[in-house]
Each structure stands twice: as C-alpha cells, then as structure tokens.
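The first residue in the sequence is number 1, and the count goes up from there.
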Amino acid sequence: MVSRKNRRSENRCRYYVRREAQRRGWDLRYVGSGGDVLEEQEIEAYFADVGLKGDRPDFLFCLAGNPTIIVEAKNQAGKLKQAQKQAQDYANKINAAGKYKIKLAVAAAGEEDKGFEISVSFLTNQGWTALTSNKFALTTFPSIAEVETALKAEDGSTTVSVPSQAEFVDAAIETSRILRTAKIEAPLRPKVIGAVVLAMYEGQIDNTASHVLQSVNELVKSAIDSLQQQSQLSRERLKDALRLSGADFNRLAPYIGRIVNTLNRLNVRSVIQTDADFLGMFYEAFLRYGYDNNALGIVFTPRHITRMCVDLIQVSVRDKVIDISAGTGGFLVSAFDAMKQKVRSAAEMEKVKDSIMGFDTNPTVWALSVLNMLFRGDGKSHIYNESCFDDDAFAAIHRKCTRAFLNPPFSQDEEPEYLFIDRAMEALEPGGLMAVVVYAGIFADKDHNLWRQRFLLKHKLLAIISLPEDLFYPTAAPSSIMIAEAHVPLAKTDRVFMARIWNDGYEKLKGKRVERSGNQIDEVVSQFHAFMQGKPVTSELVTTIGGADILP
C-alpha cells in the first residue's frame, strides 16, 4: 500500500510532468475533449483494446489522437531507472497486444527539495535506447516536433528544439532562487553556473552530496585540460576562475543536483551542440531576471542586439574582430557564428579562430567568454584577462583589427563610455568599422560636446540607431547603436544615417520582455546597407543628416 506521504510526492512528480509537457507544447486536456493526454484508468476507458489488462501507467500522450508516449512518474530521484523500465514494460505490453505501437517511453522521478529529472527512451529495431540529439540524451519532456522527428528517423535520434526565451527565463529564475537558498553571494553566482554548465558539457556529475563538488571540479579541470590551443597560463587561470572550493561552496553542495535538474530542463548538452548560444541566452535571462543580480556589475547585451550589430557592419573570413570589454562574449559569439557561415575550407576555419579577440578584467566573466567560444567550436580565441587600457596588453591588437564591437560599462566615473569608444577605435586599422551600444545621449548631451568634436575630427560617424527604452529592462538605460569608420575624419558633405527602432521584437509584459510581432530590426539593417551603397533610404524609421550639421 502506498503511504500518503509517498502519494503526495508522486502527485508532485506527476504535476511536474504535466507542467513540463505543457511547456513543451502538449495540450493537457483529455483526449476526448481535443487534448493529448490520458491518465491512469482513463487509458483503458478510452482505448478499450490498448492491451494493458488493468495496468495503469501514469500518463498516455497521444499525437493526433494516436497513442504515442507512455509516462511513468516516481517519488524519488533514485527511482528514475525504475520508472524508465516500468514505462518501457507498459509500452511493450501495449505493443504485444498488436493494436497500437508505442515507441516512446518517458520516466520522471524526484522530490520538491531535491528537484525532478526526466529520461526519454525510444524503441528501435534493436530495442529500447535513449532518445538523443547531437549524440546526447534528451533530459526533459520531448516536444511535439522532437517526437515527430524521432518517429520519422526510427533510430533513436531527433533534432532538439532550442528552448524559447520564456523557458530560459523560467530556468534562470529557478536557478537564482536555488542559489539564494544556498546562501551563495550574488558575485559568486555566475561562477557557479559557468562551472556547472562546463561540468555537464564534459560528462556526468556525481550528485552524491559528499562527492558533488569534487565531481564538478574534476570535470571542469578535464574540460579545460583538453583546450590545448589555449596557453598553459590561460588554462590555469580558467581553472582558478571556475574552481568551486571553500566554505561558500561547501554550502552549495546539497543544491547542485537541483541546479543540474533545472538546467536539464533546457536539454543543455544537446542544445550546446547546436548553433544556439546556450550560455549567452541563459546568462541574459539570469542577469536580467535573477532579482538581486544587479549587484553583479555585468553589462549584458541582449543576444538579438549583438546579432544586429554584426549584421549592420558585416564580417567576413578576412576580418579581425575585437571586443575590448567582452563580458560573456556575446558580440564575439555573434561575429564568430557569422564568419563560420562563410568558411569554405579547414584553413579558413583556422584563420577565423585566430581572428577573434577580446579583453575583460573580471576573472569569472572572462572565463565565461572563453567558455562561450569553446561551446561555439573555438578553443583558441584570443580573449585576455587583462584591461584594454593596459598598453602592453593592448599593443598586440593596436590598429590591427577591422571590426570592433562594444557595449562599454555605463556610468562609470573612473572609466566613462567615451574612453572605451576611443580605445576600440585605436584597435582598428584605417577604414575599420565599429558598432557600439552606448548611452543614448552620448552624441547629443552637453557633457560630451568636446569629446564629440575631437571624435569627429578623427573618425567618420556613419550611423546612430536609437533602441527601445526598455531594452535593458529592468535596468533603466536608454541606448543607441553608434557606427563609425576609424581614422577617416567626417566631412561636411558626408551623410549620417539616423534611425529609430520602437519594436525590436519584444515588449515588456508582467515584468518580463516577451516576444511580439512587428520587429523593425531587419528593416533598419537593410536600409543601412542600402545607405552604405549610396542608395536612398526609403523607410519611415530612417532619415539622414549632413556632416555639416554636427561638425564643430
């Protein structure tokens, strides 16, 4: 007989399954009412010839009304394999009856205080096997698209669905809550996430409380030791930046399993192998919605804006790219991805890997940018844990780059934005292009008048593109994209492209920025390309002004 306590735990696990299935696109209504789900006794009541003979799996999910997935939920994390075997046995029983063919079995197990985990198996001609994408097992409830692809492939493989922004936000909020519960101070939280993600990328974490920290550290060390294209000094710095040791992290040990389970909801290992910027998207959500993460002091550029900047000034396999304040590597990832798409040979690929450069002084943030590039397939990026204002370090890239991207720290009295802009321009050879996300008033307010005059006498301003006021929500930071050509003074006869984006594809709703239709980014980017080719602009979002109007 099942105790009340265990039944409550199992009910919580069943609730978790419902929530995850709904998140992945399944309709939780009863099949007879147009939904996708039958529970326990409903299964034989609806499909009298299903062949279960009184057995009651927790769920049967149907695709287009046809029995497709058997689900079994258990009340302890240690029972995941048991649940998996039981789900497969139920499927085998249905298949033996001959009326229906079940090829997918989902197991779920866990408890509220330890988190829940899911495994997915697929029936091939050789028997049951883990359902994989990019050679890694799925770790959350399969989406409808993943199921449809798996059924077509019939070999236990599918194409992982990249999580939506909402899924990243939910996982980021949950991870932040766990870290607060574990009393991990805000500045240490990015380190924890970076270490755990890298450990998961490298292998299976031993979640036993007495072994979990050692397991994470050993997996991180193994992953970093494999980066032979990084210098020994760089590898040792990476290990130091991501090592979880000391009293702060001893408190964390009982909670790492819950963090792993939360990340597994995003199919972390499979998704990292795709073109999606997993680490970047997760950190964007984590830093934006982690409630007390404003104390981290990290300026995070939304990933659709880094891609926009790369699209605006374009990159080729011949370019050398620099971000002198790289943060978690968003601009470098976007540039690298764009350059990879144009690669035609292994030799060109190696050249591209040598053409991505960056600086960041924060050891943890620097480590995250290196990890981000590693996950993109570049283990040799020249990202330095140094200040861009260190002349000795900067000498390696002075006037040697052709594209610069930047989001300088806002409102730092000791290092104002314009110093970063000037430094980025110094990294460019004559004719090189820079795209920088800046405080909106830098090319309008009185405080920057003298700097603007000096800048325009050295460099050509090409464009100012105003961005939505809530772009960095919940931080209030009105911003613009500034584009300039290095070491070519602005002439009075030159034209400057001016645009205003009201809709970047997102809107603020219930304390979050969520997707919406009417994105104006592509229109502005195409108009800028036309402008650069000497063609007239034809959009209501765009105008041009003469150099004479802004020159001193």
* Please check if atom CD in Gln453 has more than 12 non-hydrogen atoms from other residues, nucleotides or ligands closer than 6.0 Å. => yes
* **Within 6.0 Å of CG in Asp275, more than 12 heavy atoms from elsewhere** => no
* Are Ser231 and Arg235 close enough, and set up right, to give a side-chain hydrogen bond (donor to acceptor under 3.5 Å, both in side chains), and what steps lead you there? -> CA-CA 6 Å; Ser231 70; Arg235 293 200 300 273; over 6 Å; no
* To do: Go through the steps for Asp445 and Arg452 under the test salt bridge (charged side-chain N to carboxylate O under 4.0 Å, His left out), then give the verdict.
  => CA-CA 10 Å; Asp445 63 26; Arg452 285 194 296 272; 3.7 Å; yes
* **Side-chain heavy-atom pair Leu179, Val192 within 4.5 angstrom cut-off** => yes
* Between Asp470 and Arg513, is any pair of side-chain heavy atoms under 4.5 Å apart? -> yes
* Between Ser133 and Ser270, a side-chain donor and acceptor under 3.5 Å -> no
* To do: For the pair Arg24 and Glu167, find out whether any cationic side-chain nitrogen is under 4.0 Å from an anionic carboxylate oxygen.
  => yes
* Should Met200 and Asn264 count as side-chain neighbours, where that means a heavy-atom distance under 4.5 Å? -> yes
* So does Arg251 have more than 12 non-hydrogen atoms from other groups sitting under 6.0 Å from CZ? -> yes
* Passes ring pair (Phe, Tyr, Trp, His ring centres under 6.0 Å), Tyr418 versus Phe455? Steps please. -> CA-CA 9 Å; Tyr418 68 82; Phe455 184 90; over 10 Å; no
* Asked: Between the side chains of Gln527 and Ser539, does any donor sit under 3.5 Å from an acceptor?
  -> no
* Asked: Should Val437 and Leu406 count as side-chain neighbours, where that means a heavy-atom distance under 4.5 Å?
  -> no
* To do: Write down the atom of Met281, the atom of Ala276, and the distance for their closest heavy-atom approach.
  => CE-CB, 3.6 Å
* If you measure only the distance, is there a donor-acceptor pair under 3.5 Å linking the side chains of Thr140 and Asn267? -> no
* Asked: Looking at side-chain heavy atoms only, is the closest gap between Val365 and Pro190 below 4.5 Å?
  -> no
* Evaluate side-chain contact (heavy atoms from CB on, under 4.5 Å) for Val524 paired with Ile465, printing each intermediate quantity in order. => CA-CA 9 Å; Val524 170; Ile465 302 170; 4.0 Å; yes
* Carboxylate-amine/guanidinium contact Lys221 Glu218, below 4.0 Å -> no
* After noting the C-alpha distance and the side-chain angles of Arg23 and Asp170, does the key distance pass the salt bridge (charged side-chain N to carboxylate O under 4.0 Å, His left out) rule? -> CA-CA 10 Å; Arg23 181 177 65 83; Asp170 288 345; over 6 Å; no
* Given the rule in the side-chain contact (heavy atoms from CB on, under 4.5 Å) test, do Val525 and Ile521 qualify, once you have shown the distances and angles that lead to the verdict? -> CA-CA 6 Å; Val525 170; Ile521 287 178; 4.1 Å; yes
* **Residues, nucleotides or ligands: over 12 heavy atoms within 6.0 Å of Asp522 CG** => no
* Asked: Within a reach of under 6.0 Å around NZ of Lys508, are more than 12 heavy atoms found that belong to other residues, nucleotides or ligands?
  -> no
* So, Asp240 and Arg243, do they make that salt bridge, N to O below 4.0 Å? -> yes
* Asked: Around atom CZ of Phe168, are there more than 12 heavy atoms of other residues, nucleotides or ligands at under 6.0 Å?
  -> yes
* salt bridge (Lys or Arg N to Asp or Glu O under 4.0 Å): pairs with one or both residues in residues 396-408, sequence neighbours excluded -> Asp319-Arg403
* Asked: Does a side chain donor of either Arg258 or Thr262 reach within less than 3.5 Å of an acceptor in the other side chain?
  -> no
* Please test Ile421 against Met434 for side-chain contact (heavy atoms from CB on, under 4.5 Å), starting from the C-alpha separation and ending with a verdict. => CA-CA 9 Å; Ile421 296 172; Met434 176 194 69; 3.8 Å; yes
* To do: Measure the spacing between CG of Asp337 and CZ of Arg307 and express it to the nearest 0.5 Å.
  => 9.0 Å
* Structure fact -> Interatomic distance, CG@Asn407 vs CD@Glu417, rounded to 0.5 Å, equals 9.0 Å
* Mutual orientation of the aromatic rings belonging to His448 and Trp451 [parallel < 30°, tilted 30-60°, perpendicular > 60°] -> perpendicular
* Plane angle bin for Tyr384 and Phe359 - parallel if under 30°, tilted between 30 and 60°, otherwise perpendicular -> tilted
* Do Val496 and Leu462 come within less than 4.5 Å of each other through their side chains, counting heavy atoms only? -> no
* To do: Please examine the side chains of Tyr201 and Phe375, heavy atoms only from C-beta on, and report whether any two atoms are closer than 4.5 Å.
  => yes
* **Glu284 side, atom CD; Thr306 side, atom OG1 - distance, nearest 0.5 Å** => 8.5 Å
* Asked: So Phe497 and Phe528, would you call those rings parallel, tilted or perpendicular, with 30° and 60° as cut-offs?
  -> perpendicular
* Pairwise distance CD(Gln520) to CD(Glu540) - rounded to 0.5 angstrom -> 10.5 Å
* **Pairing of Arg495 and Asp549 as salt bridge, 4.0 angstrom limit** => no
* Asked: Please walk me through it: do Lys340 and Glu350 pass salt bridge (charged side-chain N to carboxylate O under 4.0 Å, His left out)?
  -> CA-CA 10 Å; Lys340 279 199 303 183; Glu350 289 304 306; over 6 Å; no
* Salt bridge check: are Asp422 and Arg454 linked by an N-O gap of less than 4.0 Å? -> no
* Structure fact -> Taken to the nearest 0.5 Å, the spacing of Ile483 CD1 from Cys309 SG works out to 7.0 Å
* Let me see the working for Leu138 and Thr132 under side-chain contact (heavy atoms from CB on, under 4.5 Å), right down to the final yes or no. => CA-CA 6 Å; Leu138 297 194; Thr132 64; over 6 Å; no
* Hey, are the side chains of Asp360 and Thr328 touching, using non-hydrogen atoms and a 4.5 Å cut-off? -> no
* Should Lys351 and Glu348 count as an ion pair when the cut-off is N to O under 4.0 Å? -> no
* Does NZ belonging to Lys512 count more than 12 external heavy atoms closer than 6.0 Å? -> yes
* To do: Could you grab the distance from atom OH of Tyr283 to atom CG of Leu371, nearest 0.5 Å is fine?
  => 8.0 Å
